[in-house]
Visitor: 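This structure is in C-alpha cells; I'll ask about it shortly.
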Amino acid sequence: MNDSKERINVTKTFLPPLEEFEPYLHRIWESGQLTNQGSLVLEFENKVAQYLNLDSTQLVSNGTLALQLALEASDIRDGEIITTPFSYVATTSAIMWQRCTPVYVDIDPQTLCIDADKIEASITSKTKAIMPVHVFGNVCNVEKIEAIAKKHKLKVIYDAAHAFGVQYKDSSILGQGDISICSFHATKLFHTIEGGLIVATDKEIGDKVDLIKRFGHNGDDHRTLGINAKASEFQAAMGLVNLKHIDELIAKRKKAASVYDYLLNTSKVHPVRPRGDIKYNYAYYPVLFNSEASLKKAIEALAKKNIFPRRYFYPSLNKLPYIINAAHCPISEDVSLRIACLPLFADIDKSTIMEVSEVLQ
Ligand SMILES: *Cc1c(COP(=O)(O)O)cnc(C)c1O
C-alpha cells in the first residue's frame with residue numbers, strides 16, 4: 001500500500017476548477033490579445049491592488065525580474081546592496097545580475113529576517129540600497145530599516161516573495177519600502193503560473209518600472225534602456241481565478257499549521273513561529289532541528305514514506321561558490337544547516353501531518 005502512495009512534496013500547486021478558468025480563455029480568444037498589457041492583466045492589477053488595499057500594482061513575468069526591475073528603476077546598476085544570506089538564491093542573483101555586490105548582514109534568530117541592528121555597521125560609501133526579505137512571510141523590522149535608510153539616504157527594496165496576504169498594523173506588508181516585490185510562481189502561496197508583482201510607493205518609480213518592463217519605449221519614442229518582463233493574459237487569468245480562492249486557501253493552511261503546532265510537541269524540532277503582531281499567511285511551516293545530523297535522519301525516514309520536506313534555505317547564500325569575500329554570518333550558516341520546511345498546502349490530509357509528526361518525534 002505504502003509503495004503506491006502518492007508522493008507528498010513540501011508544497012502542491014493549487015489548480016482552480018477548470019470550469020472557472022474556461023470563461024477567461026473565451027475572453028482571450030474573443031479579444032485575440034495574448035500579451036502586451038492586455039485587459040486581463042489590467043483587470044488583475046486592479047483587483048490585486050483592491051484586495052491588498054494598495055494604490056497600484058504591476059504584474060510582471062516573474063519575481064526575479066521584478067527584483068531586477070526594482071533595482072534598475074531606482075537607478076542602481078553598481079555599488080553595494082545590503083541583503084540577507086538567508087533567502088532563496090534569486091535575491092542575491094538579482095543583485096549580481098544588476099552588477100552590484102551583495103553585502104550580507106546576519107539574521108535575527110527569532111524571525112530569520114535580516115538583523116536590523118547589524119545593518120549600520122555594514123554601510124560604506126558604496127552602499128546604494130538595502131534588500132531585506134520577509135522570510136517565510138514573517139516580517140522584518142521595517143521601522144528600524146526605514147530609519148536607517150532615511151539617515152543614510154538608501155533605497156529599500158523588499159523581497160516579499162513569500163508575503164502575499166501578510167498584514168502588519170492592518171496594512172499589506174507589500175506597501176513597505178520604496179518598492180516591494182512578490183513572487184507568483186506556481187510553488188508559492190498565491191500564483192499566476194509564473195509571475196511577479198511590483199508595488200512602488202513612489203509614482204515616478206512605478207512609471208519607470210512600467211516603461212522598462214516593456215523595452216523602454218512608448219511606440220516609436222525610445223526613452224530608456226528596457227527589458228521584456230511583461231506578463232501574459234494567461235498568467236493574469238490564472239491570477240484572477242486564484243484570487244477568488246485565496247482567503248479560503250489561507251484559512252485551510254492555517255488549520256493544517258495548527259495541527260502541526262499541536263502534534264509537534266517535542267524537544268527534537270522547533271517550529272519557527274511568525275511574529276505575534278502580524279496577520280500571517282501560512283505560506284510555510286519551517287522547523288529547526290537540533291542538529292544537521294538529526295535533520296538528515298528525519299529527511300531519510302520521511303523519504304521512505306514518500307514524503308519530501310525541503311531543506312530551505314540551504315546553503316546560506318554567503319557560502320555560494322560564486323561569491324567571493326562574503327562576510328561570515330554565523331547565525332544564518334547555522335540555521336541553514338538545521339532547517340526544513342514541512343509539507344503544507346491547502347488540501348493536505350490530516351493523516352499526512354500525523355505521519356510527518358510521528359517521524360519527527
Ligand atoms: C521564489 C522567490 C523569488 C523568485 O521568484 P520567481 O517568481 O520564482 O522568479 C525571489 N525571492 C524569494 C525569497 C523567493 O522565494
Side-chain angles (χ1 to χ4, degrees), residues 9-14 44 48 57-72 81-98 100 102 104-105 107 111-114 129-140 156-166 173-174 176-177 179-199 209 213 227-232 234-236 238-239 242 272 274 281-286 309-318 320 332 335-336 339-341 344-345:
N9 290 317
V10 64
T11 192
K12 187 174 145 195
T13 298
F14 172 72
F44 176 77
V48 168
T57 70
Q58 296 186 54
L59 180 67
V60 295
S61 46
N62 62 62
T64 307
L65 270 167
L67 284 170
Q68 289 171 220
L69 289 168
L71 289 166
E72 180 65 29
I81 314 282
I82 290 178
T83 189
T84 174
F86 191 68
S87 181
Y88 182 56
V89 68
T91 316
T92 279
S93 53
I95 291 170
M96 294 179 74
W97 207 263
Q98 199 64 10
C100 300
Y104 296 106
V105 166
I107 56 171
T111 62
L112 307 185
C113 297
I114 194 167
I130 308 171
M131 187 180 281
V133 180
H134 299 301
V135 177
F136 301 136
N138 219 340
V139 165
C140 298
V156 181
I157 297 166
Y158 278 106
D159 180 341
H162 303 168
F164 190 79
V166 171
I173 199 65
L174 286 161
Q176 291 288 334
I179 301 180
S180 285
I181 75 94
C182 194
S183 167
F184 292 161
H185 185 257
T187 55
K188 299 293 197 314
L189 168 72
F190 173 83
H191 78 91
T192 58
I193 310 168
E194 292 266 4
L197 196 75
I198 298 188
V199 180
V209 168
K213 77 183 175 200
I227 198 164
N228 179 4
K230 288 178 272 96
S232 79
F234 293 83
Q235 288 170 279
M238 183 61 88
N242 286 347
V272 179
N281 62 359
Y282 302 89
Y284 297 90
Y285 198 91
R310 171 130 191 252
R311 294 190 73 171
Y312 200 55
F313 301 107
Y314 172 79
S316 184
L317 297 176
N318 58 313
L320 287 172
S332 173
V335 166
S336 65
I339 199 164
C341 288
L344 180 67
F345 41 90

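None of the values given here were measured: they were computed from a predicted structure. As the structure lists them, so they are numbered: ligands from 1, and atoms in each ligand from 1.
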Visitor: Ring centroid separation for F184 and F190, is it under 6.0 angstrom?
Guide: yes

Visitor: Can you pull the residues with any heavy atom under 4.0 Å from ligand 1?
Guide: N62, G63, T64, S87, Y88, A90, T91, D159, A161, H162, S183, H185, K188, G195, Y312

Visitor: Please enumerate all residues that pass ring-ring contact (aromatic ring centres under 6.0 Å, His included) together with Y284, with sequence neighbours excluded.
Guide: F136, H162, Y312

Visitor: Indicate the atoms forming the closest heavy-atom contact of T91 with T83, along with that distance.
Guide: CG2-OG1, 3.7 Å

Visitor: Please report the closest heavy-atom contact between S336 and R311, naming both atoms and the distance.
Guide: O-NH2, 4.0 Å

Visitor: ring-ring contact (aromatic ring centres under 6.0 Å, His included) with F14: which residues, sequence neighbours excluded?
Guide: H245

Visitor: Check ring-ring contact (aromatic ring centres under 6.0 Å, His included) between Y158 and all other residues, then give those that pass, not counting sequence neighbours.
Guide: H134

